[in-house]
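Hydrogens, waters and symmetry mates play no part in the numbers below; they use all other heavy atoms, side chains included.
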Amino acid sequence: VNSIDGIVWEVDVASFQFTYVSPQAERILGYPVERWYEPDFWLRHMHQVDRGWAADFCLRATREKRDHEFQYRMLAVDGRVVWLHDIVRVIAEKGQPAKLRGIMVDITESRKVQDALRESEGHFRTIFEEAPIGLAYVDSSFRIRKSNRALSRFLGYSEEELRNVSFVDITHPDDIEKDASLAGQVFRGEIENYQLEKRYLKKGGEIVWGMLSVSMIRDKDGKVVSILGMVENISSRKEVEDQLRQSQKMEALGQLAGGVAHDFNNLIMAINAYSEIS
């Protein structure tokens, strides 16, 4: 008992008071072991947020003679919040619960890591969903596994609908081969990323332009398991470029027509001059 890295304890069910607490209690929470034998010590030093549900849970499990485990917070002597994982065994005598025996393990550090991870994941989900450009995870069969709102707006599909399509379904036929070739190189580890201007097919069949940026996603063993595609809507830019090209063509045609007219005018003048001489 003394070598266990946790608080070993025993409680009398009739009075619900501790009858034994191991010396590790003082190291973990700072209170002398003698304090633990005071009436309602456990509840009085439990975090107020956990006090009600933890007591109800333990009492209900005891009445049902059911071994149980749960996690809650207690306040240390210096005011620190300590997370404990409590593993409890119910001891029955003559068919009735008589004693509780258990061990409280300090899991404060692991909870901090879990909370930080949840916070990080929450931030990532928010960034992913609220990003102004389309984002999607694509697996090795080129099917979309997760996408964000911007991609749904860009293509006219709901997120659920996009999970049932492959990139072939939303790519213009003339751009499929090039995109598939580059994506295949990423999954084979030959390249790590690529960029490509390509045409997409919206749900209603409308063609829109997107700037696709692709990066690989590896698992813990370094294997490429999916790719992250980032799609920026460049339809407006491509429209302006087309208008500029048309304008340049018209300007070139005008210059050509002007040159021809000038040469033709020179020819007419020469003919007129020759006619006058004749």
Side-chain angles (χ1 to χ4, degrees), residues 117-220 222-257:
L117 182 60
R118 277 193 293 270
E119 183 179 3
S120 176
E121 289 174 342
H123 289 326
F124 176 78
R125 280 194 298 270
T126 300
I127 292 171
F128 183 88
E129 289 297 337
E130 302 301 330
I133 64 173
L135 298 173
Y137 286 107
V138 179
D139 64 19
S140 57
S141 62
F142 302 127
R143 300 196 71 82
I144 296 173
R145 292 308 178 193
K146 183 173 177 57
S147 60
N148 70 345
R149 297 188 186 98
L151 190 63
S152 293
R153 290 193 298 267
F154 178 54
L155 296 174
Y157 291 91
S158 68
E159 183 180 349
E160 183 178 355
E161 288 173 327
L162 284 173
R163 282 199 296 269
N164 295 315
V165 303
S166 74
F167 93 101
V168 173
D169 301 317
I170 57 174
T171 300
H172 190 283
D174 294 341
D175 295 335
I176 290 175
E177 183 177 354
K178 186 173 184 180
D179 195 6
S181 175
L182 290 169
Q185 292 179 58
V186 171
F187 277 111
R188 292 192 298 272
E190 298 171 2
I191 59 174
E192 292 195 1
N193 51 68
Y194 68 89
Q195 281 191 324
L196 176 68
E197 287 188 0
K198 59 176 283 191
R199 288 161 289 184
Y200 288 87
L201 301 178
K202 295 187 70 171
K203 186 177 181 179
E206 179 187 353
I207 298 174
V208 288
W209 278 91
M211 170 61 81
L212 172 65
S213 300
V214 172
S215 299
M216 64 171 63
I217 305 295
R218 298 179 182 272
D219 62 14
K220 59 182 178 62
K223 180 182 177 182
V224 180
V225 292
S226 63
I227 57 177
L228 174 64
M230 295 166 280
V231 183
E232 179 186 1
N233 187 349
I234 60 171
S235 297
S236 298
R237 193 193 82 192
K238 296 296 288 188
E239 184 177 347
V240 171
E241 290 176 354
D242 287 342
Q243 292 175 352
L244 179 59
R245 279 194 293 269
Q246 290 297 324
S247 175
Q248 291 172 337
K249 287 180 181 178
M250 294 302 294
E251 182 180 353
L253 184 59
Q255 291 175 348
L256 177 60

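- Nearest heavy atoms, Ile227 versus Met216: CG2-CA, 4.2 Å.
- Listed by first then second residue, pairs satisfying ring pair (Phe, Tyr, Trp, His ring centres under 6.0 Å) with a partner in residues 145-171 read Phe142-Phe167, Phe154-Tyr200, not counting sequence neighbours.
- Each of Asp174, Asp179, Asp175 was compared with Lys198 under the salt bridge (charged side-chain N to carboxylate O under 4.0 Å, His left out) criterion, and only Asp179 meets it.
- Proximity of a side-chain donor or acceptor of Asn148 to a complementary backbone N or O of Leu151 within less than 3.5 Å is detected.
- Applying the side chain to side chain contact (heavy atoms under 4.5 Å, CB included) criterion to Glu130, with sequence neighbours excluded, gives Thr126, Arg149.
- Taking the side chain as every heavy atom from C-beta outward, Ile207 and Leu201 approach each other to under 4.5 Å.
- Among residues at least two apart or in separate chains, side chain to side chain donor-acceptor pair (under 3.5 Å) pairs with a member in residues 184-193 are Arg188-Glu190.
- At a threshold of 4.0 Å, the pair Arg237-Glu232 does not count as salt-bridged, since none of the basic side-chain nitrogens sits closer than that to a carboxylate oxygen.
- In this view, Leu117 and Glu121 satisfy the side chain to side chain contact (heavy atoms under 4.5 Å, CB included) rule, not counting sequence neighbours.
- The salt bridge (charged side-chain N to carboxylate O under 4.0 Å, His left out) analysis of residues 163-173, with sequence neighbours excluded, yields the pairs Glu159-Arg163.
- A donor-acceptor pair under 3.5 Å is absent between the side-chain atoms of Ser226 and the main chain of Val138, judged by distance alone.
- When the ring pair (Phe, Tyr, Trp, His ring centres under 6.0 Å) test is applied to Tyr137, the partners found at least two apart in sequence or on another chain are Phe128.
- Note on Lys146 versus Glu129: salt bridge recorded, some NZ/NE/NH1/NH2 to OD/OE distance being below 4.0 Å.
- The two residues Ser147 and Ile144 come nearest to each other via the heavy atoms CB-CG2, 4.1 Å.
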